[in-house]
Each structure stands twice: as C-alpha cells, then as structure tokens.
Amino acid sequence: MLLFPEDPQECFEFSAEAFNLAERLQTPVFVISDLDIGMNDWVTDKFEWDDEQKYDRGKVLKAEDLDQMDNFGRYLDVDDDGICYRTYPGTHPEKGAFFTRGTSHDEYARYTENGDINEQTLTRLVKKFRTASELVPNPIINLSEKQGSSGVIFYGSTSAAMYEAKDILNENNIEVDLMRIRSFPFNLDVWEFIENHDLIYVIEQNRDSQMRTLIMAEGGISAEKLRSLVWFNGDPIQAKFIAKKIYERESQQTLIT
Amino acid sequence: MSYFKPINKHPNLEKNKLGLTRRDYEGGVSTLCAGCGHDSISACIIEACFRLNIEAYKVAKLSGIGCSSKAPAYFLNASHGFNSVHGRMPSIATGANCANEDLLYLGVSGDGDSASIGIGQFIHAIRRQVNMVYFVENNGTYGLTKGQFSATNDLESKNKYGEDNLFPPIDLTSMAIQLGASYVARSFSGDRDQLVPLIMGAIQHKGFALLDIISPCVTFNNHDSSTKSYDYIRNHNEAMGKTDFVPLGEEIKTNYDDGSSVEVKLHDGSRLSLEKTDHNFDPTDAGNSLELIREKNKEGKIITGLLYVDNKCKPLTEIMDLPDKPLNTLEQDELCPGSEVLEEINKGLS
C-alpha cells in the first residue's frame, strides 16, 4: 500500500490514515514523502484533527469473541473481502494461537505443500488488494471545460508546480484534465480517468517513469497512451518545464515564457 | 510435509502445577535431520516450560530463517509463533515486547541468522536490553543451504568438502557480554542436564538472555576436520563427507562432574571438549567472564555454563518508562491527544 501526500499537511493526514489502513488491511503502508517535502520550508494549510474520527483497529478477535466461535482460522476469509480475523498473542488460553509462517499454509495457518490450497491463498490476496483499492484515498480529479482535452497524471510534491503549469497552459489556450493520484493500489476512479482520455501525460520526478510503469503493469494500459514527462536533476520540478513540454506536444509549437 | 502427533495421551503421565503434561508443551513432528542438535534443544525448551509451569498461550515464539528458525514449529503448539525475515527476528521481538511485555518471548536463531545477516539486529536487541530469551542454535554452518561456512566456524575448521575457512570466528558470548547482555550462557545441545536449568534461568531472568548452544549439524558439520566436533575416526568421516547421507542418530547426551573438562563423542565418533564453569567462578563480573572465555578459547576448549549474569539490569520497557498496561490494549482516548493539543502545537509554529 502506498500513499502519496502532496505537502507536509497531507503527510500529517496520511500518516494517521496509514495506521488505520495498516491495521484494517494487516499490511505495511508506505507514506511516500520526498526530499522536497521533507527538507524544504513549506507554507501549508493548518494541520487539523477531527476529534470525531475513530482509530480503525481492524479485525482483531478478543477472548469473548473466541469463546463464541467453534472455528477460528487465521486465514479464513469469512467476510469475503480477502481480509481475515487475527488475534493478539496471549488472548485466550485455548483458542486463537497461530503460527505466522514463512512458507505456504492453509486457512488455519498450518504448513502445507498442497498446490490447490496455495493457489486459494494467493487468490485471496488478490481479493484483499481489491478491497484495499476501495479503502485508500481517491485521486483528486480536476476536469477542464473543453471536451477531448488531454489528461495529466501527477502525484506527490509535483502538485504546486503542476497547478502553476496549468495556469500557464490556460493562458496559452491549452486545456488539460488533471488527476492527482494519492494512493496505490489504484481504484476505479483512476482507471476511469485513463479510459476517458486518448493521451495522458504522466509527470514524474524520477528517471524511469516508475508511476507510468506501474499503471501500465496494473491496468494493461498501452505505452502509447501514457506520455512520460520526467524531471530528475535533483531540484524540485518547475512549472515552466511542465508547461513547456505539454504546450509543445499539444500545439506543435515552442512555448516562450 | 509436516505431521501432527496423535492427541491421545497415557493417563499416568506426570503433570505440573497447571495439570499439564510434557505432551501439552509439544509442537509438530520435526522435519529436521534425524539426530539434529536442534531437536534436543526443543526438547529442553519443552522440559523447562513444563517444569516452570509456563502457560503456553502467554509465550510468543519468534525466529528468523535457517534450520534453527524452523524449530519453533516443533515445540509449544499452543503459543503464538512468528517466523520472520532472515536475521530480522530481533526487530519483531523488540516491537512485540514493547506492545505487550507480559508475554514470555522465546527467540530462536542460528549462527547464520545472528552472526551474519542479522548481526546488526542482534547487537541492538542486546544493547536495548529486550526482555527475551535468545537462543542461538550454533552449528557453525549453513545447514539449510547445504553447508557453507558460518561466521562462528573456527578458522582452522574445514567444511564438509575439505575447503579451508578463511576468516576467524565471531564469539557471540563475548560479544554479548561486551554489549551489555545481562544473562549469557553457553551450552551443548546434548547436555540436557546442563541446558534445561540454563534455559529455566534465562526464562526467569528479566532482560536480554543469550543462550549460545553448540548444536552439531549431523549432515554438514560433523566431520573429522570440524571444530564443532573433534577430529576422530578420519576414515569414517571422509566417507560421510563425500555423500549427503544422513546417519540415523540418537540424541547426544553427556553427564560429567562440575569443574572438569570432558570430551563428548558425537554421533559419528567425533568429539567436543566441554568445560564447565566451576563453583569458584563469579559469573557477575563481566571482566572475569570475558577473560575466562578468552583463556579457554586459547586452550582450544569450549567453556560452557552460565558465563555472565547481571540481575540488576533494567529491561527495555523500564528504560523507556512504558506504562504498565500493554501498549496493544491502550484505547484511543489514552493514545490520542486530540485537536486541542494540536491547536497548541500550531500556535507554537506561528
């Protein structure tokens, strides 16, 4: 699970959310900050905490729950969402203990080399990832008024430069639809945006277009559709760079700013 | 494949204060090689827990990767177990220990897991005084990957294929004492009489307890040029060394008087020279302990017994002044400072 905050304020929000997701999904969650967010001074909205929000401790069984169960299996998918119930060590004298193995195992955490059971286990994890995609933060989509505009995908600390680039492009009569990806695994909103655009720029601050590769691999999206725009000289990405590249491709002319 | 033992028990089996028999502390049937020292250690852990009337569900078994790290599946079935990444068991143990210090943590590792890939983790678990029993089932070899040298193998000790070992060994006991471990013992998997009390002592100890247990690998490090055994019956071992034949061994057992140095024959006739700590030795003086280990090493002997103990040490949770209530039971109202505190922090930044 990955969360992509755009600034320190969202780092704050996502860090709290990461705990909820990690306990709900029983898996590590990475909050993908970067050097720009981590080391530079930022002006952000005030950090806020809603006292109404509750920690999500996930599916954890207590002793009284176990007492009422005949059949506890650490990897039994009883809710059909791919996430199984767990216990903390030391919960109940007779029930609930299990062995977290480094090997293939059955629904009761017992060692097995049965191929069918192993396939079932791995297939359950696909379901769990699907559940995860419904729980993680949605992308922020910002559509222009012009039909048929090209799309732009960006994430993380690229935000400020991207919004400035959009203004520059608008001033030069270029409209673009924006999608800021905020999490992985990708949810249906992400796929819908990609489906609805013929050409999409993927703006990234790494040499290898890692997000573009991830989108291609996860969604079977063709390489031609996703145009890579990368910046990797080590400084924070600049609006002028993004605007220039998109303008040149969209208008087939050089942008002089 | 692993097999489960029949649940029928003889009605007259000895019971402990909890009304449990030794069988109640067992695990699955071992898949380690017949005669493996690790199985003897598992039996000693079962015996120690039985004698100490430990409630198995209040125990967490943790391990890394390697033959040793398979062992937790073979004792205390009623306990939670966690088979972690190679060399990373100390991190899991540290986290679990902070989350709930009321459990007994038994970490099972090997010389590869602890003295190579996980040595950084091993060092910091000691330095932080994690309250746990840390078993190193030390056979001087990577058994699971077919017998490469481990970092505890002696310089002069060749491998099963006759290759020279190029690097000197790490002595985990000396290292642990220097780093601040508060209970350090070395033993031999075949010496049940010595090992069971040492395990019981380690369980009862509060702080980081290291048990460095020489545990012969019958398949890869039990030949005549190995110093985890003594060179003996050269011809026999040569035949062993060139095949992957695993002898059907019996559990190695020794009994000897305190203070004497003895040689113990291993399965194939090779031997270990073991010397016990005599009654005049003061195991609470770290300097003396280090000196003793070094002296005996020089003499080519392996000193076993309780090497060092510091009963006044503070375990990790006390050093960090954690609350008495296990962290994993704290609720949101106890953990979350809320919007008012955040508002104060925000004011401080403006």
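Proteins come first, then strands; the chains are lettered A, B, ... in the order of their sequence lines, and each starts at number 1. Being a predicted model, the structure only gives us computed values, none of them experimental.
Across B/A78, B/A99, B/A60, B/C336, the residue that shares the most heavy-atom pairs under 4.5 angstrom with chain A is B/C336. Interface check for chain B: of the options A/T87, A/N114, A/D50, the most heavy-atom pairs under 4.5 Å are formed by A/T87. With chain B as partner, the option from A/A16, A/G102, A/P93, A/G96 having the largest number of non-hydrogen pairs under 4.5 angstrom is A/P93. Interface remark: of the candidates B/L335, B/V85, B/V341, B/L62, B/L335 forms the most heavy-atom pairs closer than 4.5 Å to chain A. Of the listed residues (A/K95, A/E48, A/H92), the greatest number of heavy-atom pairs within a distance under 4.5 Å of chain B belongs to A/H92.
Heavy atoms of A/T103 lying under 4.5 Å from chain B are absent altogether. Proximity to chain A is absent for every atom of B/E331, based on heavy atoms less than 4.5 angstrom apart. For B/K70, no part lies near chain A; criterion is any non-hydrogen pair under 4.5 Å. For B/Q332, the parts lying under 4.5 angstrom from a heavy atom of chain A are both the backbone and the side chain.
Taking CD of B/E101 as the reference point, atom CG of B/N328 lies at 11.0 Å (rounded to 0.5 Å).
A/R74 and A/A109 get closest at one heavy-atom pair: CB-CB, 4.3 Å.
Listed in order of number, the residues of residues 102-121 of chain B that approach chain A to under 4.5 Å between heavy atoms are B/L103.
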